[in-house]
Amino acid sequence: MEIAAISTVSVAPQSLQPSNAFSRKLGSISSLSFRSFEREYRVESAKLRVSAASSSVDAVTAEKTSPASFLESKKVVHFVKYHGLGNDFILVDNRDSSEPKISQEQAAKLCDRNFGVGADGVIFAMPGVNGTDYTMRIFNSDGSEPEMCGNGVRCFARFIAELENLQGKHSFTMHTGAGLIVPEIQDDGQVKVDMGEPILKAQDVPTKLPGTKGEAVVQAELVVDGVGWIVTCVSMGNPHCITFGTKGGPNLKVDELNLPEIGPKFEHHEMFPARTNTEFVEVLSRSHLKMRVWERGAGATLACGTGACALVVAAVLEGRADRKCTVDLPGGPLEIEWSQEDNHIYMTGPAEAVFYGSALL
């Protein structure tokens, strides 16, 4: 039975900016960002005035155009860029509407690291539904919409804390495609999230692989490009395929993987009707795991919170690790605990604001 994810968060006052200052950053980016533009503009205007006669009309027009009127003529979205261990997101204040301010196609363009802002996804802070305080929606860098994102949840929590100027101990409820989450920021600035119970039933992950341990897929063989991999399948509200190596082969050395080559073959494998996230795991000790991830809809990323949770579940089910582990991701470590008392998984890690900006759509 799928059970909605639940989480808990504490807010550190010293880590928060005053909400009015934060709102000014979001609402009047142009006044903060365009002083240098104005200086450059005046220089360019002067150059235009002494240019050829054929350019004189353009020069006069340019001289009269202000940065403010330039922005008014464009469709602009204000955002704050956050990252959780290098898994980076464009956070948009969407609390005034239940519809995202930008389309999935526009999100994909914004996420492009050469032609846009650059991110693994765009996250919208939206009005709550069904009695929750907020709704979190996310578009991946390819424009697809996942159920939720563990690192994104932590970034969302920090974003809301700044927007609402939350001081002291606070918790708020979030509706996601994977269920209910209640995040909390710790005194040291880390964000702790109760990710709820893992989903192990094959058809709920979902995967077409037959159950090997009741209805759960544990240490099953998955043939990828002619090679047999031993996999365990777990859902954290989104699907995950975890592997520690090939059939009869040595344990993985994840740094040696050609991830861009093998990752898409797992993601689009016919055994995963909704595609899948894939975690390749190296066991350093029973309390220390190392992983690389190929995310569904985003590719190779520096961190995946739900993936770190899923792999600890897989490691415990396969007898490789204890219930409380440090998981090393390319972007840094996460602390994961699969509690025996309530069967919930608790994830603790950082989330940091990178910059404020405005993007043309």
Looking at side-chain heavy atoms only, is the closest gap between [X] and [Y] below 4.5 Å?
X: L209; Y: V231; value: yes
X: V293; Y: T301; value: yes
X: F280; Y: T243; value: yes
X: K201; Y: S235; value: no
X: C233; Y: P239; value: no
X: N277; Y: M236; value: no

- Salt-bridge present (D93, R95; N to O < 4.0 Å):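 Salt bridge between D93 and R95, a charged N being under 4.0 Å from a carboxylate O: yes.
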- Salt-bridge test for R137 and E145: reply yes if a basic N is under 4.0 Å from a carboxylate O, no otherwise.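 Salt bridge present between R137 and E145.
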Kindly give the heavy-atom pair with the smallest separation between [X] and [Y], and that separation in Å.
X: E295; Y: A303; value: OE2-O, 3.1 Å
X: V205; Y: I199; value: CG2-O, 4.0 Å
X: E261; Y: P264; value: O-CD, 3.7 Å

- Who are the ring-ring contact (aromatic ring centres under 6.0 Å, His included) partners of F139, not counting sequence neighbours?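 Checked F139 against ring-ring contact (aromatic ring centres under 6.0 Å, His included); matches are F124.
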Within the side chain of [X], is there an N or O that forms a donor-acceptor pair under 3.5 Å with the backbone of [Y]?
X: R154; Y: V191; value: no
X: T212; Y: V217; value: no
X: N94; Y: E99; value: yes
X: R320; Y: V283; value: no
X: T135; Y: P127; value: yes
X: T306; Y: G150; value: no
X: N238; Y: P146; value: no
X: E335; Y: T348; value: no
X: N140; Y: D142; value: no
X: E279; Y: A308; value: no

Distance (rounded to the nearest 0.5 Å) between [X] [atom1] and [Y] [atom2]:
X: K81; Y: L91; atom1: NZ; atom2: CG; answer: 10.5 Å
X: I230; Y: I242; atom1: CD1; atom2: CD1; answer: 13.5 Å
X: T326; Y: L334; atom1: OG1; atom2: CG; answer: 9.5 Å
X: L222; Y: K265; atom1: CG; atom2: NZ; answer: 12.5 Å
X: T176; Y: I123; atom1: OG1; atom2: CD1; answer: 11.0 Å
X: R323; Y: Y346; atom1: CZ; atom2: OH; answer: 12.0 Å

- In terms of ring plane angle, is the pair W229 and F266 parallel, tilted or perpendicular, where the classes change at 30° and 60°? perpendicular
- Query: Has E215 got more than 12 heavy atoms of other residues, nucleotides or ligands less than 6.0 Å from its CD?
  - Reply: no
- Message: Can you see whether Q219 engages T232 through a side-chain donor-acceptor pair at a distance of less than 3.5 angstrom?
- Response: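 T232 and Q219 do not have a side-chain donor-acceptor pair below 3.5 Å.
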- Message: Is it the case that the side chains of H269 and T276 hold a donor-acceptor pair, with the cut-off being a distance below 3.5 Å and no angle test?
- Response: no
- E147: side-chain hydrogen bond (donor to acceptor under 3.5 Å, both in side chains) partners, not counting sequence neighbours: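 Scan of E147 (side-chain hydrogen bond (donor to acceptor under 3.5 Å, both in side chains), adjacent residues dropped) gives R296.
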Please set out all donor-acceptor pairs under 3.5 angstrom arising from side-chain atoms of residues 110-120, sequence neighbours excluded.
from	atom 1	to	atom 2	distance (Å)
D112	OD1	N114	N	2.7
D112	OD1	F115	N	2.8
R113	NH1	D88	OD2	3.0
R113	NH2	D88	OD1	2.8
R113	NH2	D88	OD2	3.3
R113	NH2	D120	OD1	3.1
D120	OD2	N87	ND2	2.8
D120	OD2	D88	N	3.2

- Test: R158 cationic atom under 6.0 Å from Y82 six-membered ring centre, within 45° of axis: no
